[in-house]
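For reference, positions follow the sequence shown, starting with 1. Computed over heavy atoms, backbone and side chain alike; hydrogens, waters and symmetry mates excluded.
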Amino acid sequence: IRRQSLSRFIWEKVEESSWHKQENSLARALACYDFKNNPDESLEQMTDVEVDTVLHHEIGEIKAGQILGDDWEQMLIDLPRSQAEIMSRAVRDNIADAISTLPKLIKNAEAAQIHFYFANLSSMRKLIFPRLVSSYQEWLTHKNTSALKNLLKKAEKHWIDLAQSLIQLHKKHGHDCPIHMETLIKNNYF
């Protein structure tokens, strides 16, 4: 994990937030720190916290790779730049986070970390995983991680099963698989 790159990324988010003044997960995450009065120390503190999140996502990526194997990697290599590729990568990210990132965030129960995680979910991940977004909304309302906890085991199984089905579609349809993959994912939002 390149700490300097992460710190720069966070600072860009701080700048972006100051331009838009919106009440959203990014603003909530940044509000947990004192960027207004002490930006350097706040940036250091936030970087320290977020290194842990990035580390657990990378651990989840390794575990997802072990579960999905070489067939997954070959499928991604064979996919053209397409919506199917973006969707497939989002599926794998969801596996990684269900296995490693989210359990760690729930265990830590640090509001800043949870808010920042949701602030950085890609649009595709939000689209294909609406239950995750609604669980975050429930956490915001009740300050209770039970909805997130309850979602994790179901989510892990769902995304692994979907990923394995995508591999099978690739084996069956080869280079013609993207349209089939897109349809399968669209029919299996979770």
Treating Ile, Leu, Val, Met, Phe, Trp and Tyr as nodes and any side-chain heavy-atom pair under 4.5 angstrom as an edge, say whether Val91 and Leu76 lie in one connected cluster. yes
Taken in chain and number order and not counting sequence neighbours, the residues that satisfy salt bridge (charged side-chain N to carboxylate O under 4.0 Å, His left out) with Glu50 are none
Look only at the side chain of Lys153 and the backbone of Asn150, and say whether a donor-acceptor pair between them is shorter than 3.5 Å. no
Check for a donor-acceptor pair, side chain of Ser42 on one end and backbone N or O of Pro39 on the other, with a separation under 3.5 Å. no
Using the six-membered ring wherever Trp is involved, compare the ring planes of Tyr136 and Phe118 and label them parallel, tilted or perpendicular (cut-offs 30° and 60°). parallel
hydrophobic_cluster_shared for Ile160 and Tyr189, side chain cutoff 4.5 Å: yes
Rounded distance [0.5 Å steps], NE2 in His173 versus CG in Asp78: 14.5 Å
With a 4.5 Å cut-off on side-chain heavy atoms, are Met46 and Phe35 touching? yes
Could you tell me whether the side chains of Glu138 and His142 share a donor-acceptor contact shorter than 3.5 Å? no
Arg92 (side chain) donor-acceptor with Ala64 (main chain) under 3.5 angstrom: no
May I ask you to decide whether Arg3 forms a salt bridge with Glu44, counting only side-chain N to carboxylate O separations under 4.0 Å? yes
For Glu110, what residues pass the salt bridge (charged side-chain N to carboxylate O under 4.0 Å, His left out) criterion, not counting sequence neighbours? none
List in chain and number order the residues that pass side chain to side chain contact (heavy atoms under 4.5 Å, CB included) with Glu41, two or more places apart in sequence or in another chain; answer none if no residue qualifies. Asn38, Gln45
side-chain contact (heavy atoms from CB on, under 4.5 Å), that's the test. Do Asp52 and Asn108 meet it? Break it down for me. CA-CA 10 Å; Asp52 187 58; Asn108 290 350; 3.5 Å; yes
Is there a path of hydrophobic side-chain contacts, each under 4.5 Å between heavy atoms, that joins Ile114 and Leu152? yes
Between the side chains of Asp70 and Gln74, does any donor sit under 3.5 Å from an acceptor? no
Regarding Asp34 and Asn37, is there a side-chain donor-to-acceptor distance under 3.5 Å anywhere? yes
Look at the aromatic rings of Trp159 and Phe129 and report parallel, tilted or perpendicular, splitting at 30° and 60°. perpendicular
Same cluster or not: are Val133 and Leu105 linked, directly or through other Ile, Leu, Val, Met, Phe, Trp or Tyr residues, by side-chain heavy atoms under 4.5 angstrom apart? no
Test of understanding: clusters of I, L, V, M, F, W, Y form through side-chain heavy atoms closer than 4.5 Å, transitively. Do Ile99 and Val54 belong to the same one? no
Under 3.5 Å donor-acceptor, Ser100 side chain and Ala96 backbone: no
Can a salt bridge be assigned to the pair Arg81 and Glu85 using a cut-off of 4.0 Å between side-chain N and carboxylate O? no
Measure up the Phe9 and Phe116 rings against each other and bin them: parallel (under 30°), tilted (30 to 60°), perpendicular (over 60°). perpendicular
Given the rule in the side-chain contact (heavy atoms from CB on, under 4.5 Å) test, do Leu132 and Leu148 qualify, once you have shown the distances and angles that lead to the verdict? CA-CA 7 Å; Leu132 182 60; Leu148 287 166; 4.0 Å; yes
Between Lys157 and Asp161, is the closest basic N to carboxylate O distance under 4.0 Å? yes
Counting distance only, does the side-chain N/O of His158 pair as donor-acceptor with the main-chain N or O of Asn188 below 3.5 Å? yes
With side-chain contact (heavy atoms from CB on, under 4.5 Å) as the criterion, how do Ile95 and Lys63 come out once you've worked through the C-alpha distance, each side chain's angles and the decisive distance to 0.1 Å? CA-CA 9 Å; Ile95 294 169; Lys63 289 179 178 180; over 6 Å; no
Is it the case that the side chain of Ser122 and the backbone of Arg125 share a donor-acceptor pair, with hydrogens and angles ignored and the cut-off at 3.5 Å? yes
